[in-house]
Number of protein chains: 2
Amino acid sequence: MIIVLERRGNMAEIKFSRQREAIQKELCGRKDHPTAEDLYAKIRIEHPNISLGTVYRNLHQMAENGKILCIAREGCPVRFDGNPAPHYHLACTACGRVLDVEMPFMHELDISAAAATGGEIHAHSVLFTGLCADCISKH
Amino acid sequence: MIIVLERRGNMAEIKFSRQREAIQKELCGRKDHPTAEDLYAKIRIEHPNISLGTVYRNLHQMAENGKILCIAREGCPVRFDGNPAPHYHLACTACGRVLDVEMPFMHELDISAAAATGGEIHAHSVLFTGLCADCISKH
DNA sequence: GTCATTGCAAAACGTTTGCATGAAT
DNA sequence: ATTCATGCAAACGTTTTGCAATGAC
């Protein structure tokens, strides 16, 4: 299997589009981590003609360009994060939400990993699993 | 969306099966992180009648019971890890492989995250992104 | 005898793609 | 005029499911 991670094919220009603008605005205006369908549903209110394919295409492009993050989990649709700065996430086992965890990001981990592997680490993503504060207090 | 993470429905008995045994043996006998299809293809050599559904069902059950780990990434089929002890992974951007990273696991991160969220952290999974040693040296 | 597990094939799901049209530069 | 982006609908790859049959206990 070949993993294609190349940035946009050599120097193709990115043209403005209403749709991309709407997606970007919607995603960056929220602090949760919506799925493509979530965004599609929301954006459709103001842009009734937008298509799901366009949402996916743009999310993909934005991720390639480092403008957003993707959060993948077993058995769940991918979630997107409008904040591209590396940070931690918590997947709550009770309510199913994915939340940001406000703690300092350990860039040192990348250094340790690079030392351990002899390779070159570009990023690390961390997903905590557990109960969020809301779910703890509700019970 | 409701996330179902419950362990096996109250106290249903787990009965032995040849197929599960083969899956367990195959997965735990290797240090890479195969997909369900990979395992299916391999196991089919000795158990020609096994079905892909059975492979998925058993992997799911084993994951629920904490016998194996799942590694999910955007755009890739889920990979399974026969070693359920918490540890780190590297996804190589050049060759596409997912490798173990031999470095001490930071349980302290869970404590920091619990403090930061006010919740209860059960685990954390880390996926590094970068180049593995093989790909660095090949270039 | 009971109930978990299987194989099979169909369906579900999330996502990607081809193509003709439209919009941005 | 060029070429990037869009909407649509069809296709894709992965995973799950219903069901009747089999196997474990």
Side-chain angles (χ1 to χ4, degrees), chain A residues 1-24 33-41 43-44 46-65 67-68 70-80 96 98, chain B residues 1-24 33-41 43-44 46-65 67-68 70-80 96 98:
Chain A
M1 190 209 333
I2 293 157
I3 306 289
V4 179
L5 286 165
E6 60 194 29
R7 318 239 140 213
R8 146 166 287 255
N10 265 353
M11 45 203 54
E13 185 191 358
I14 293 184
K15 292 184 174 163
F16 170 86
S17 93
R18 261 176 200 303
Q19 292 87 336
R20 186 183 313 114
E21 183 185 50
I23 294 165
Q24 181 124 239
H33 304 97
T35 64
E37 288 273 6
D38 291 338
L39 290 166
Y40 175 56
I43 291 165
R44 218 134 78 107
E46 301 219 337
H47 298 76
N49 290 330
I50 198 172
S51 83
L52 186 53
T54 294
V55 173
Y56 274 107
R57 271 187 293 239
N58 278 290
L59 288 170
H60 228 94
Q61 185 193 93
M62 289 155 71
E64 268 175 12
N65 294 351
K67 297 201 184 311
I68 65 173
C70 305
I71 307 163
R73 283 179 307 151
E74 225 271 86
C76 304
V78 174
R79 287 158 176 278
F80 298 90
V98 175
Chain B
M1 190 209 333
I2 294 158
I3 306 287
V4 179
L5 286 164
E6 59 196 30
R7 318 241 140 212
R8 145 166 288 255
N10 266 352
M11 45 204 53
E13 186 191 358
I14 293 184
K15 292 184 177 163
F16 171 87
S17 93
R18 261 177 200 302
Q19 292 88 337
R20 188 183 310 117
E21 185 186 48
I23 293 164
Q24 181 124 240
H33 304 96
T35 64
E37 287 273 5
D38 292 337
L39 290 166
Y40 175 57
I43 291 165
R44 216 133 80 108
E46 302 220 336
H47 299 75
N49 290 328
I50 198 172
S51 82
L52 186 53
T54 295
V55 173
Y56 274 107
R57 272 188 293 236
N58 279 290
L59 287 170
H60 229 93
Q61 186 195 90
M62 290 156 69
E64 269 175 12
N65 294 349
K67 298 201 184 307
I68 65 173
C70 305
I71 307 164
R73 283 179 308 152
E74 227 268 86
C76 305
V78 174
R79 288 158 177 278
F80 297 90
V98 176

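All values below come from the heavy atoms of this structure, side chains included, with hydrogens, waters and symmetry mates left out.
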Under 4.0 angstrom, heavy atoms only, what part of the nucleic acid is B/R57 near: base, sugar-phosphate, or nothing? base
So A/I50, base contact, sugar-phosphate only, or nothing? Heavy-atom distance under 4.0 Å. sugar-phosphate
What integer distance in Å separates B/E64:CD from D/dT16:P? 11 Å
Please find the pair of heavy atoms, one from B/T54 and one from B/I23, that lie closest to each other, and give the distance. O-CD1, 4.1 Å
Check whether any side-chain heavy atom of B/Q24 sits under 4.5 Å from a side-chain heavy atom of B/M62, and report yes or no. yes
Starting from P on D/dG7, measure out to CZ on A/R44 and report it in whole angstrom. 11 Å
So B/R20 and B/K15, side-chain contact (heavy atoms from CB on, under 4.5 Å) or not? Walk me through it. CA-CA 10 Å; B/R20 188 183 310 117; B/K15 292 184 177 163; 5.8 Å; no
Within this structure, what is the CD1-to-C1' distance between A/I14 and D/dA5, rounded to whole angstrom? 11 Å
Could you report the tightest heavy-atom contact between A/V78 and A/A72, atom names first, then the distance? CG2-CB, 4.5 Å
Output yes when at least one side-chain N/O atom of B/Q61 is less than 4.0 Å from OP1 or OP2 of C/dT5, else no. yes
Please tell me which of B/S51 and A/S17 maps to the more 5' nucleotide of DNA chain C, matching each residue to the nucleotide holding its nearest heavy atom. B/S51
When you check the phosphate oxygens OP1 and OP2 of D/dG23, does a side-chain N or O of B/R18 lie under 4.0 Å from one of them? no
What is the distance, rounded to the nearest whole Å, between atom CG of A/L52 and atom C1' of D/dA11? 14 Å
Answer yes or no: does a side-chain N or O of A/N58 lie under 4.0 Å from OP1 or OP2 of D/dT6? yes
For B/T35 and B/F80, work out which heavy atoms get closest and say how close. C-CD1, 4.4 Å
Toward the 5' end of DNA chain C, which comes first, B/E74 or B/I23, by nearest nucleotide? B/I23
May I have the distance from B/H47 (atom NE2) to D/dG23 (atom C1'), rounded to whole angstrom? 14 Å
Looking across every strand, which nucleic acid part, if any, lies under 4.0 Å from B/Y56 by heavy atom: base, sugar-phosphate, or nothing? base
It should be established whether B/T54 places a side-chain nitrogen or oxygen under 4.0 Å from OP1 or OP2 of nucleotide C/dG7. yes
In whole angstroms, the gap separating C1' of C/dA12 from CD of A/E37 amounts to 13 Å
Atom-pair distance (NZ on A/K15; C1' on C/dA24), nearest Å: 5 Å
Take A/P48 and B/H60, find for each the nucleotide of DNA chain D with the closest heavy atom, and name the residue whose nucleotide sits nearer the 5' end. A/P48
Could you tell me how far apart B/D38 (CG) and D/dG13 (P) are, to the nearest whole angstrom? 15 Å
Kindly say if A/Q19 contacts the phosphate of C/dA23, meaning a side-chain N or O under 4.0 Å from OP1 or OP2. no
What's the closest nucleotide to the A/F16 side chain, out of D/dT15, C/dA24, C/dT15? C/dA24
